[in-house]
Amino acid sequence: MLKLTYLSHSSFLLNDGNNKLIIDPFITGNPTMPLKLEDLDPQFIVLTHAHGDHLGDAVKLAKKHESLIIAVNELANYVAEQGCQAHNMHIGGGWNFPFGRLKFTIAHHGSSSPDGRYMGEPAGVVINMGGKTVYHTGDTGLFLDMKLIGELNKIDIMLAPIGDNFTMGIDDAVKAVEFVDPKLTIPMHYNTFGVIQADPEEFKRKVQSIGKNCRVMQFGETIEF
Ligand code: NI
Ligand code: MN
């Protein structure tokens with residue numbers, strides 16, 4: 001069993017009944033976030049990269065709940081310097097955590113901390129949890145190796161940015177769905193700021209037109225798989 005909650009932007013909460021894991025916890029300053037920081041008590045925090053709309057409240061949450069932050073080496077060191085527990089990984093590497101296996105993938109983007117330091121490469125992440133395989137692409141442009149990610153992992157749920165400007169827009173994200181061939185795609189990284197306005201229903205129609213499943217989640221909505 002896996003419960004997946006879309007917190008908004010690129011932030012998702014995964015819960016298998018024993019473990020709570022948050023990806024990219026951008027709560028404070030996120031105008032689309034329906035939850036408060038006090039509502040969240042993750043054991044695990046996964047960061048795709050260090051930009052403020054992904055690193056978000058990770059340090060604060062991790063210190064409060066003694067959560068383990070999972071990130072690529074440079075970003076893991078950065079949060080460890082601030083007193084958090086971190087598990088350092090890097091792209092292409094996987095590790096078996098108490099919730100399941102997690103592997104970082106490439107993403108075409110940037111990654112610097114809010115104070116401008118280099119934070120290693122941005123990443124996507126494939127997470128096996130609660131009997132499901134979830135691929136969160138992180139912030140990225142379209143890339144052909146998504147085909148390989150889909151070939152090596154039977155993806156149940158793909159979380160794909162559609163907001164354009166900083167990441168894939170709708171049409172490139174539809175192509176990404178074609179490459180990865182997941183059972184279900186959920187759009188993310190849209191309508192948070194002015195430059196990433198996108199219509200998730202348009203994305204859904206286009207994904208359905210290539211014979212694939214898409215679900216547009218409300219901010220704060222939970223689905224159980
Ligand atoms: Ni970013
Ligand atoms: Mn972003």
**Study point:** L142 vs F179 side-chain heavy atoms within contact, under 4.5 Å
**Key:** yes
Point to revise | Matching residue for K183 among I155, D156, N213, I157 - test: side chain to side chain contact (heavy atoms under 4.5 Å, CB included) | key: D156
Point to revise | Side-chain heavy-atom pair K204, V207 within 4.5 angstrom cut-off | key: no
**Study point:** Check: A50 main-chain N/O paired with S111 side-chain donor or acceptor under 3.5 Å
**Key:** yes
Point to revise | C84 side, atom SG; L61 side, atom CG - distance, nearest 0.5 Å | key: 9.5 Å
Point to revise | Residues clustered with L152, ILVMFWY side-chain links under 4.5 angstrom | key: L148
Check your understanding: Are F44 and I23 close enough that some pair of their side-chain heavy atoms sits under 4.5 Å apart?
Key -> no
**Study point:** Which atom of P122 lies closest to which atom of G110, heavy atoms considered
**Key:** CB-O, 3.5 Å
Review point. So, do M158 and L184 sit near enough that their side-chain heavy atoms are less than 4.5 Å apart?
Key: no
Practice item. Determine, stepwise, if the pair D181 / K147 fulfils salt bridge (Lys or Arg N to Asp or Glu O under 4.0 Å). Key: CA-CA 8 Å; D181 194 25; K147 278 191 174 177; over 6 Å; no
Check your understanding: Going only through I, L, V, M, F, W and Y residues with side-chain contacts under 4.5 Å, is there a path from M119 to V72?
Key -> yes
Check your understanding: In chain order, what residues pass the side chain to side chain contact (heavy atoms under 4.5 Å, CB included) check against Q218, with sequence neighbours excluded?
Key -> E221
Review point. Given side chains that start at C-beta, do those of K212 and V174 come closer than 4.5 Å, heavy atoms only?
Key: no
Check your understanding: Does M1 share a hydrophobic cluster with M129, counting links as ILVMFWY side-chain heavy atoms below 4.5 Å and allowing steps through other members?
Key -> no
Check your understanding: Any link between V216 and I210 through a network of hydrophobic side chains (Ile, Leu, Val, Met, Phe, Trp, Tyr) touching at under 4.5 Å?
Key -> yes
Check your understanding: Do E74 and H90 have a side chain donor and acceptor closer than 3.5 Å?
Key -> yes
Practice item. Would you indicate whether the side-chain heavy atoms of I22 and V46 approach each other to under 4.5 Å? Key: no
Practice item. In sequence, state the C-alpha distance, the side-chain angles, and the governing distance for T133 and N128, and then conclude on side chain to side chain donor-acceptor pair (under 3.5 Å). Key: CA-CA 4 Å; T133 303; N128 296 292; 2.7 Å; yes
Check your understanding: Between H9 (side chain) and S11 (backbone), is there a donor-acceptor pair under 3.5 Å?
Key -> no
Review point. Distance from N88 atom CG to L75 atom CG, nearest 0.5 Å?
Key: 9.5 Å
Practice item. Return yes if a side-chain donor-acceptor contact under 3.5 Å exists between D139 and H51, otherwise no. Key: no
Only pairs under 3.5 Å count here: list side-chain donor-acceptor contacts from residues 194-202, not counting sequence neighbours, and write none if there are none.
from, atom 1, to, atom 2, distance (Å)
Q197, NE2, F193, O, 2.9
D199, OD1, E201, N, 2.9
E202, OE2, K206, NZ, 2.9

**Study point:** Heavy-atom side-chain contact between M33 and F26 under 4.5 Å
**Key:** no
Check your understanding: Would you say the side-chain atoms of N153 pair up with the backbone N or O of I149, donor to acceptor, closer than 3.5 Å?
Key -> yes
Check your understanding: When hydrophobic residues are tied together by side-chain contacts of less than 4.5 Å, even through go-betweens, does F166 share a cluster with M188?
Key -> no
Point to revise | Parallel, tilted or perpendicular: ring planes of Y190 versus Y6, cut at 30 and 60 degrees | key: tilted
Review point. Should the pair H109 and H49 be assigned to parallel (<30°), tilted (30 to 60°) or perpendicular (>60°) ring geometry?
Key: perpendicular
Practice item. Show your working on side-chain contact (heavy atoms from CB on, under 4.5 Å) between N73 and M89 and close with a plain yes or no. Key: CA-CA 5 Å; N73 187 60; M89 295 183 70; over 6 Å; no
Point to revise | Beyond-backbone contact of T5 with N15, side-chain heavy atoms, under 4.5 angstrom | key: no
Practice item. Could you walk me through whether I127 and L21 pass the side-chain contact (heavy atoms from CB on, under 4.5 Å) test, one step at a time? Key: CA-CA 10 Å; I127 302 171; L21 178 156; 4.1 Å; yes
Check your understanding: So S112 and R117, side-chain contact (heavy atoms from CB on, under 4.5 Å) or not? Walk me through it.
Key -> CA-CA 5 Å; S112 52; R117 282 168 56 187; over 6 Å; no
**Study point:** Pair listing, side chain to side chain donor-acceptor pair (under 3.5 Å) test, anchored in residues 24-33, at least two apart
**Key:** S8-N30, S8-T32, D24-T48, D24-H54, T28-D57, N30-T32
**Study point:** Contacts of Q43 that satisfy side chain to side chain contact (heavy atoms under 4.5 Å, CB included) - sequence neighbours left out
**Key:** K20
Review point. Is a donor on one side and an acceptor on the other found under 3.5 Å between the side chain of K3 and the backbone of F225?
Key: no
Review point. Are K132 and E224 close enough for a salt bridge, meaning some N to O gap below 4.0 Å?
Key: no
Review point. Would a line drawn from the ring center of H87 to the ring center of F97 be shorter than 6.0 Å?
Key: yes
Review point. Is E66 atom CD crowded by more than 12 heavy atoms from other residues, nucleotides or ligands, each under 6.0 Å away?
Key: no
Study note, to complete from the structure: For E178, the salt bridge (charged side-chain N to carboxylate O under 4.0 Å, His left out) test, sequence neighbours excluded, returns K175
Exercise for review: Apply side-chain contact (heavy atoms from CB on, under 4.5 Å) to W95 and K103, showing your working.
Suggested key: CA-CA 7 Å; W95 184 256; K103 186 175 178 181; over 6 Å; no
